[in-house]
2 protein chains.
Amino acid sequence: MPETRKQKYDDAALRRLTPEDLDALEIGAGILGTGGGGNPYQGKLLVLEAMKAGYEMKVLATDAIEPDALCMSIGGIGAPVVGVERIREGREGLRCLRAMEELIRTPIDAIVCEEIGGANAMNPLVTAALGGLPILDCDGMGRAFPEMQMTTFSIYGHSSTPSVMCDLHGNAVIFSHAVSEVWHERMARACVVAQGGGAMLATAPMQAHYVHQYGIPKSFTKAIALGEAVIRARKAQEDPIAAVCALEGGRRVFNGKITDLKRHLRGGFVVGDMELAGFDDCSGQTANVAIQNEFLVFRRDGVIEVCVPDLIVLLDVDTGYPITTEMLRYGQRVAVVAIPCHELLRSARALDVVGPAAFGYPDITYSPLPARGQRAA
Amino acid sequence: MPETRKQKYDDAALRRLTPEDLDALEIGAGILGTGGGGNPYQGKLLVLEAMKAGYEMKVLATDAIEPDALCMSIGGIGAPVVGVERIREGREGLRCLRAMEELIRTPIDAIVCEEIGGANAMNPLVTAALGGLPILDCDGMGRAFPEMQMTTFSIYGHSSTPSVMCDLHGNAVIFSHAVSEVWHERMARACVVAQGGGAMLATAPMQAHYVHQYGIPKSFTKAIALGEAVIRARKAQEDPIAAVCALEGGRRVFNGKITDLKRHLRGGFVVGDMELAGFDDCSGQTANVAIQNEFLVFRRDGVIEVCVPDLIVLLDVDTGYPITTEMLRYGQRVAVVAIPCHELLRSARALDVVGPAAFGYPDITYSPLPARGQRAA
């Protein structure tokens, strides 16, 4: 078992999450999930369960921990739609943490969220809490993406192996070495499909200075603020969708009703697309949204307007609540909101991994949404 | 790196294999492979390559090593048909050995052959030779089987995890813990399919006394003797098929021409079946052989006569050479030979794992072939 080390951060810098924070995080993570990352509601139940048992969810700024602190990124792997029907056992992440510490024979200092979008905002909180560790206020995607090599940590050079994957049955697999990040993804994906479609996976630890430099900053703070904005707007009977757009530089690009929906499981992923018929200011227009776990491409009347890695978010037109891919239904009335992604996802290096071509759209050239405060040309 | 330990066996007890032994082993392993286990010819080339480079293939009786010696069983995993088109890199097994020693922080004393049938008779020889270790004269199947939980080691209670799987690309996966032997197989199989259909897998080490008690004894000696019998008969222009039957208590049950052949890849396995039209003493009869990597069930005119775990072997009617599933061709003239399996595969415990029901034939009751020296009732 790992020896005890000097604590690498100041307790005073911790933000302890409350149940109200979790309600807001549920909504915010759903928005940033752009349809994917798993259902945050069920993840929240696991966090609340841990909270009731006396565990604390401690969020820490990435610069409030010593630069050499050892940080382990973790997330759920599998098809979101599986998570809806099969609840996690709850200690998968803790088993990953302990197996990783055993493997590298060094204690971990902090947990990092692989992906702030969807249930993966919640899962790492449980791991951190059960392990008595803080979770850093950042993540590896700033949204949700369907594959593991799509984290900024991998994109900017961190090798994600050795990694540890634990499922609810009690199986534990170590991906000891992968010749590339994509090979790692390929092997882990095949394995998780065999395990029934869902598991937790912890990647090779990073030092805190690397996480600070390459993580998408303030993910928990931003997600909670987004959720609070929706809750506040609803209470004040204001437009929750406008509140979302105001916070993250988003733009409401479409109002429509789902008129056609194709969605199926392929190789552990949810893939498909949907058609929307516009109403209100979009009356007479049609739109199409392509899905691969997340919403990838938004087309209006056949013309691409928004594409990955920028965020395409579907919100219930009345409540402002985010709609994940597995919750899509024929006839739903939705607002499509486009949110610019973080600069770290827009470099040539990042676009090679998370640009349209990486998702099977070699003909689409990524044209960045105007960032917050900027105006479209 | 592991420390050096006292050698646990007497060098004088070693049988050093010659290139002639390998020629015989190629044929014998092919016979015991009952159609599966991969093509032993290509495995032989890798062994010869190592031999030319000065490595020794040292076979050791299971009682010639100290009972507490640490023995690691290893074999190739994947679809045999893939092995025909994609040659191993050659050091996958050595990487498994070193990764295992690193994982358990103890040096391995000897290598064990997971499966004597097919290429898996050859692969562990390369691992043992490159690692400077002896290989025990036994194996975990006494033939070939398609799945990992089908070794006598697993059947009689050894847990095969933690295991290490290495592919030709350089990927390494550790199955740290599996909740059952079947779960281990399921995860490793999914992973090897993702790796392109072939890899080497080393299972959790066993002590020599366990290997001595539950391994199928004298596998290398028997396989080499079988091959020598075929070679000798051919030189003497005698019937090689009779020579095979004489050694292992086999019975020539059919002479026929392949008139129909269905064979495809499913989930990493070769599955299918073939029809035979009899000639010579079988003229006017038909036969059917079912395949799942190996030959599983032999039917004459629709009636089951031989089934797994007894060995169903197809030999070229003229040369006596064994025919593996991927070498089957329309029009081939074959002799079907039935060989009784070892007693360790006939217990109720074994039949649960390797009996007809385990292969999807719940209605077939296993009726043992008469063993050597016995007569049918």
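Within every chain, numbering begins at 1; the chains are lettered A, B, ... in the order of the sequence lines, protein sequences first and strands thereafter. None of these values were measured; they are calculated from a predicted model.
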| query | Most heavy-atom pairs under 4.5 angstrom with chain B, which of A:Cys191, A:Ala172, A:Pro162, A:Ser176? | reply | A:Ala172
| query | Would the number of heavy atoms belonging to other residues, nucleotides or ligands and lying under 6.0 Å from CZ of A:Arg186 be above 12? | reply | yes
| query | If you round to the nearest 0.5 Å, how far is CE of B:Met165 from CD1 of A:Ile174? | reply | 13.5 Å
| NE2 of A:His169 to CE of B:Met187: how many Å apart, nearest 0.5 Å? | 9.5 Å
| remark: Looking only at A:Thr161, A:Asn171, A:Val164, most heavy-atom pairs under 4.5 Å shared with chain B are made by A:Asn171
